Protein chains: 2
Amino acid sequence: MMILSSTDILAMEQRYRATFMNSISGFKSLQMVGTISPSGQTNIALFNSIFHIGANPPLIGMICRPDGDQHSTFDNIEKTGFYTLNNVQQNWYKQAHQTSARYGLNQSEFETCGFNEQYLPDFKAPFVQQASVKLGLELREINVIKFNGSRIIIGEVKHIILDNGLVATDGFVDLEKAQSVTVAGLDSYHSTQKLARLKYAKPENQVEELIVN
Amino acid sequence: MMILSSTDILAMEQRYRATFMNSISGFKSLQMVGTISPSGQTNIALFNSIFHIGANPPLIGMICRPDGDQHSTFDNIEKTGFYTLNNVQQNWYKQAHQTSARYGLNQSEFETCGFNEQYLPDFKAPFVQQASVKLGLELREINVIKFNGSRIIIGEVKHIILDNGLVATDGFVDLEKAQSVTVAGLDSYHSTQKLARLKYAKPENQVEELIVN
């Protein structure tokens with residue numbers, strides 16, 4: 001067993017600490033964020049800090065660092081008010097990883113990395129055509145974390161484009177069927193193997209498997 | 001292909017929509033949150049909206065609904081300022097799921113669900129002894145989402161207890177070796193299968209696998 005204190009963490013070499021802290025909190029939701037600038041330049045950025053906030057209204061949050069690669073995405077979302085989230089699939093996760101390279105401001109990751117733009121009427125931001133689960137969001141709130149200056153972008157889901165056959169009769173979206181991958185840390189990609197769905201837990205009952213088609 | 005609008009989402013039956021929206025945003029980080037009340041009553045709650053915020057200082061966020069099951073956890077964190085995050089493992093994920101049942105205020109999920117409390121000197125909150133990756137956090141900030149009243153709890157990692165052999169030479173924590181599961185929606189548990197770690201992407205390079213021991 002290893003026991004580390006705050007002092008040990010802060011004494012780590014910077015890149016070692018980034019890799020360590022990014023991987024220690026568990027497997028994460030991975031999405032390609034699609035945006036467009038007011039002048040029409042499209043962009044894809046990989047985000048791994050996506051979280052469910054509520055179902056009614058349907059809200060999703062994500063963390064945007066104050067500096068670095070995510071700047072264009074933040075700028076586009078703030079200026080246009082719209083963005084998309086697109087799942088990353090097992091058969092092209094390497095291509096998705098490539099969108100995290102620092103391309104020039106006038107280069108679109110759609111073109112350089114081989115993804116197609118897809119649009120819905122009356123919705124500005126580009127979807128990634130190849131993805132099997134696509135969400136179109138409208139910006140609702142930007143929350144600043146005082147302690148380190150990161151921003152929490154909160155959006156409401158306004159449009160969904162889903163491949164057929166992914167939704168169970170109780171509304172469950174089968175991410176394994178959708179070929180979605182999960183990520184650990186900044187660079188470790190994983191497919192998944194379902195163990196089980198479990199019934200709503202009650203104090204007086206044993207845990208039971210939930211089977212829904 | 002299915003295309004859904006905001007109107008379609010809002011017209012869904014309430015439980016269907018909760019299941020749908022909770023699962024659509026991707027696989028999630030799952031943690032058992034350990035807390036203790038000022039009078040000494042311990043508590044475990046399952047959280048699946050955990051996200052990395054930054055490595056220096058090491059900050060982790062999580063969403064807490066304004067109502068419902070997570071009330072005791074929120075209350076304990078607000079009053080004591082300390083909590084723990086403990087990974088859920090493949091060989092006892094059903095036991096972890098059982099902690100989400102609504103036990104009485106004077107029943108501890110540690111005892112009722114068969115988990116052992118573990119403590120570090122000078123740190124109030126209980127760790128789950130069985131977990132292989134355990135984080136002790138100090139509350140730094142509570143951020144309210146105006147749009148739906150949810151709270152974002154932000155804590156700084158002050159202590160880490162890790163099983164041996166989980167950390168690679170570059171700081172990467174191997175969650176697969178740690179037997180951590182990921183969750184989709186509210187109740188679907190999954191183990192993972194590593195595809196690859198990938199090198200830092202650069203515009204002029206092809207994607208390459210990263211091998212670190």
Side-chain angles (χ1 to χ4, degrees), chain A residues 2-4 6 9 16-29 49-55 58-60 63 94 97-98 100-101 103 140-141 143 147-148 150 158 160-162 170-173 175 180 182 184-185 187-195 197-198 201-203 207, chain B residues 2-4 6 9 16-29 49-55 58-60 63 94 97-98 100-101 103 140-141 143 147-148 150 158 160-162 170-173 175 180 182 184-185 187-195 197-198 201-203 207:
Chain A
M2 260 172 90
I3 301 189
L4 302 174
S6 201
I9 302 168
Y16 183 99
R17 182 175 51 232
T19 301
F20 183 75
M21 289 308 309
N22 265 285
S23 52
I24 206 163
S25 63
F27 292 104
K28 298 183 280 193
S29 298
S49 57
I50 309 279
F51 47 95
H52 172 83
I53 297 176
L59 297 180
I60 295 176
I63 299 295
K94 290 184 179 179
H97 183 76
Q98 185 62 25
S100 64
Y103 290 102
R140 285 291 174 231
E141 200 170 316
N143 227 303
F147 206 68
N148 81 340
S150 288
K158 303 299 277 185
I160 298 177
I161 308 173
L162 266 176
D170 68 345
F172 180 72
V173 180
L175 299 172
S180 294
T182 178
D187 57 27
S188 189
Y189 295 85
H190 301 254
S191 63
T192 62
Q193 179 87 43
K194 182 174 162 183
L195 299 165
R197 288 187 69 188
L198 300 179
K202 293 185 177 175
V207 178
Chain B
M2 261 172 89
I3 301 189
L4 302 174
S6 202
I9 301 168
Y16 184 100
R17 182 175 50 234
T19 301
F20 183 76
M21 290 309 308
N22 265 285
S23 53
I24 206 162
S25 63
F27 291 104
K28 299 183 280 193
S29 298
S49 57
I50 309 280
F51 46 94
H52 171 83
I53 297 176
L59 296 180
I60 295 177
I63 300 295
K94 290 184 179 178
H97 183 75
Q98 186 61 26
S100 64
Y103 290 102
R140 285 292 173 229
E141 199 169 318
N143 229 304
F147 207 67
N148 81 341
S150 289
K158 304 299 277 186
I160 298 177
I161 308 173
L162 266 176
D170 68 345
F172 180 73
V173 181
L175 299 172
S180 293
T182 178
D187 56 27
S188 190
Y189 295 85
H190 302 254
S191 63
T192 62
Q193 179 87 43
K194 182 173 164 184
L195 298 165
R197 289 187 69 188
L198 300 179
K202 294 185 176 176
V207 178

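Bear in mind that the values here come from a model prediction, so they are computed numbers and not experimental data. So you know, we letter chains A, B, ... as the sequences are listed, proteins then strands, and number each from 1.
- Top candidate by heavy-atom pairs under 4.5 Å with chain B, chosen from A/Ile60, A/Ile50, A/Ile63, is A/Ile63.
- Of all the heavy atoms in B/Leu175 and A/Ala184, the pair that sits closest is CD1-CB, 4.0 Å.
- Shown here are the ring-ring contact (aromatic ring centres under 6.0 Å, His included) partners of B/Tyr103, two or more places apart in sequence or in another chain: there are none.
- Only the backbone of A/Lys202 has a heavy atom closer than 4.5 Å to any heavy atom of chain B.
- Within the model, atoms NE2 of A/His190 and OG of B/Ser180 stand 10.0 Å from one another, a figure rounded to the nearest 0.5 Å.
- Among all heavy-atom pairs drawn from B/Ser23 and A/Gly171, the shortest one is OG-O, 4.1 Å.
- Contact tally against chain B (heavy-atom pairs below 4.5 Å) for A/Pro58, A/Ala18, A/Gly185, A/Ser100: the top residue is A/Pro58.
- When each of A/Arg140, A/Lys194, A/Met21, A/His52 is checked for heavy-atom pairs under 4.5 Å with chain B, A/His52 comes out on top.
- Chain A forms more heavy-atom pairs under 4.5 Å with one residue of B/Leu195, B/Thr182, B/Asn22, B/Val173 than with any other, namely B/Leu195.
- Put simply, CG on B/Asp187 and CZ on A/Arg197 are 4.0 Å apart, with the number rounded to the nearest 0.5 Å.
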**Prompt:** Would A/Phe51 and B/Phe51 satisfy ring-ring contact (aromatic ring centres under 6.0 Å, His included), going step by step from the backbone distance to the final call?
**Reply:** CA-CA 7 Å; A/Phe51 47 95; B/Phe51 46 94; 3.7 Å; yes
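- Residues B/Val207 and A/Lys94 approach most closely at CG2-O, 3.2 Å, considering heavy atoms.
- Considering only heavy-atom pairs separated by less than 4.5 Å from chain B, the leading option among A/Tyr189, A/Phe27, A/Phe20 is A/Phe27.
- Taking A/Gln193 as the reference, B/Ser191 meet the side chain to side chain contact (heavy atoms under 4.5 Å, CB included) condition, with sequence neighbours excluded.
- The parts of B/Ile161 that come within reach of chain A are both its backbone and its side chain, each placing non-hydrogen atoms under 4.5 angstrom from that chain.
- Heavy atoms of A/Ile9 lying under 4.5 Å from chain B belong exclusively to its side chain.
- Only the side chain of A/Glu141 comes within contact range of chain B, with heavy atoms under 4.5 Å apart.
- B/Thr192 places no side-chain N or O within 3.5 Å of a backbone atom of A/Thr192 that could act as its donor or acceptor partner.
- Here the straight-line distance linking atom NZ of A/Lys28 with atom OG of B/Ser29 works out to 7.0 Å at 0.5 Å rounding.
- Counting heavy-atom pairs under 4.5 Å between each of B/Ile3, B/Leu59, B/Ile160 and chain A puts B/Ile160 at the top.
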